[in-house]
Amino acid sequence: MTIQQVDSTNNYLKQLVSNSKPLIEGTVIMAVDQYAGRGQHQNGWFAEPGKNLTFSILLKPSFLPVSQQFDLVRAISLGVFDALHPLLGDGLTIKWPNDIYYGNRKLGGMLIENMIQGLQIKNSIAGIGININQEGFPENLPGAISVKQILQQDYDLKYLLSEICRHVEAYYLSLKADKISLVRNKYLSRLYRLNEEGEFKSKEGRFSGMIHRVTDSGLLVVKNNKGEDLEFSLKEIEFLH
Ligand code: BTN
């Protein structure tokens with residue numbers, strides 16, 4: 001369903017899930033104008049009306065134990081990656097944990113909100129924002145990029161949305177069919193700066209190292225120049241250039 005204007009498609013879908021009769025898995029809410037989009041770390045998500053993809057998908061991954069929630073992050077990121085790869089080619093990567101990057105700039109991101117019941121994930125709202133036809137970004141977002149800025153061409157939002165949903169569904173079904181290693185290996189192979197020497201910042205300060213792998217539960221493993229494997233969760237590490 002497309003909505004003209006909404007604060008956040010994640011909020012909207014969350015309300016639908018809690019207010020109405022059961023919604024079917026795979027329900028997609030897309031906004032033309034999402035005026036108060038939410039990002040990770042309590043940040044906002046800015047998208048010019050009518051030019052970008054801002055949407056949320058309802059999943060019901062009750063087959064997936066809570067301890068495996070990061071596999072859902074992997075599956076959704078890979079679905080977005082595979083949908084955009086035919087357009088954008090090799091500059092495209094997934095920046096751990098779930099940013100979509102082109103070169104060193106951010107093309108899109110996702111906010112996956114799980115509703116847990118016992119040891120199971122009852123509902124998951126996968127909110128996805130991808131910069132498509134926007135021609136410029138505010139000064140406070142110097143790291144953002146859109147498909148149009150890369151290819152100098154406008155793209156059909158509905159077509160790209162259906163491609164993303166098709167690929168997300170395929171990876172989701174792989175998880176459901178227990179093809180976990182396929183999803184994990186593919187995710188690792190798409191990672192931004194995998195096996196490249198780079199600069200990072202943790203609470204101990206700056207250090208150089210190399211992204212080496214991601215643990216099953218989703219921690220980033222960076223090998224420092226003493227050869228030690230250091231594990232980081234989301235807020236514990238920053239990538240420096
Ligand atoms: C990030 O910070 O990288 C995550 C951005 C997620 C934005 C999407 S846009 C559709 C959905 N609705 C929201 O409010 N946020 C997500």
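This chain uses plain numbering: 1 for the first residue, then up along the sequence. Atoms within each ligand, like the ligands themselves, are counted from 1 in listed order. Hydrogens, waters and symmetry mates are skipped; everything else that's a heavy atom, side chains included, is used.
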Contact atoms of ligand 1, heavy-atom distance to G37 under 4.0 Å: 14 (O)
Pairs of nitrogen or oxygen atoms closer than 3.5 Å, one from T54 and one from ligand 1: do any exist? no
Only heavy atoms of S8, strictly under 4.0 Å: list the atoms of ligand 1 that pass. 12 (N), 13 (C), 14 (O)
Short N/O distance, under 3.5 Å, between T9 and ligand 1? yes
Looking only at protein heavy atoms, what sits closest to atom 5 (C) of ligand 1 is W45 CE3, 3.4 Å
Salt bridge (charged side-chain N to carboxylate O under 4.0 Å, His left out) assessment of E135 paired with K148: CA-CA 7 Å; E135 289 174 10; K148 180 155 191 187; 2.8 Å; yes
To check your reading of the model: name the closest protein heavy atom to atom 6 (C) of ligand 1, its residue, and the distance in Å. R38 O, 3.5 Å
Ligand 1 atoms nearer than 4.0 angstrom to some heavy atom of D99 are 3 (O)
Under a single-linkage definition using a 4.5 Å side-chain heavy-atom cutoff for Ile, Leu, Val, Met, Phe, Trp and Tyr, are F55 and L107 assigned to the same hydrophobic cluster? yes
Do we see a donor-acceptor contact under 3.5 Å between the side chains of S56 and N10? yes
With a 4.0 Å cut-off on heavy atoms, does I128 reach ligand 1? yes
Between I211 and F200, does a side-chain contact (heavy atoms from CB on, under 4.5 Å) hold up when you go through it step by step? CA-CA 10 Å; I211 295 175; F200 300 88; 3.9 Å; yes
Candidates Y192, F70, W96 - the one meeting ring-ring contact (aromatic ring centres under 6.0 Å, His included) with Y187: F70
Minimal non-hydrogen separation, I128 against I76, with atom names: CD1-CG2, 3.8 Å
Among all protein heavy atoms, pick the one closest to atom 12 (N) of ligand 1 and tell me residue, atom and distance. Q34 OE1, 2.9 Å
Would you mind listing which atoms of ligand 1 come within a distance below 4.0 Å of any non-hydrogen atom of G39? 1 (C), 2 (O), 4 (C), 5 (C)
Only heavy atoms count here, so choose which of Q40, K106, M110 is nearest to atom 3 (O) of ligand 1. K106
With salt bridge (charged side-chain N to carboxylate O under 4.0 Å, His left out) as the test, would you mind laying out the steps for R166 and E163 before giving the verdict? CA-CA 5 Å; R166 185 166 75 82; E163 282 298 285; 2.9 Å; yes
Looking at T54 and A31, would you say the former's side chain and the latter's main chain have a donor-acceptor pair under 3.5 Å? yes
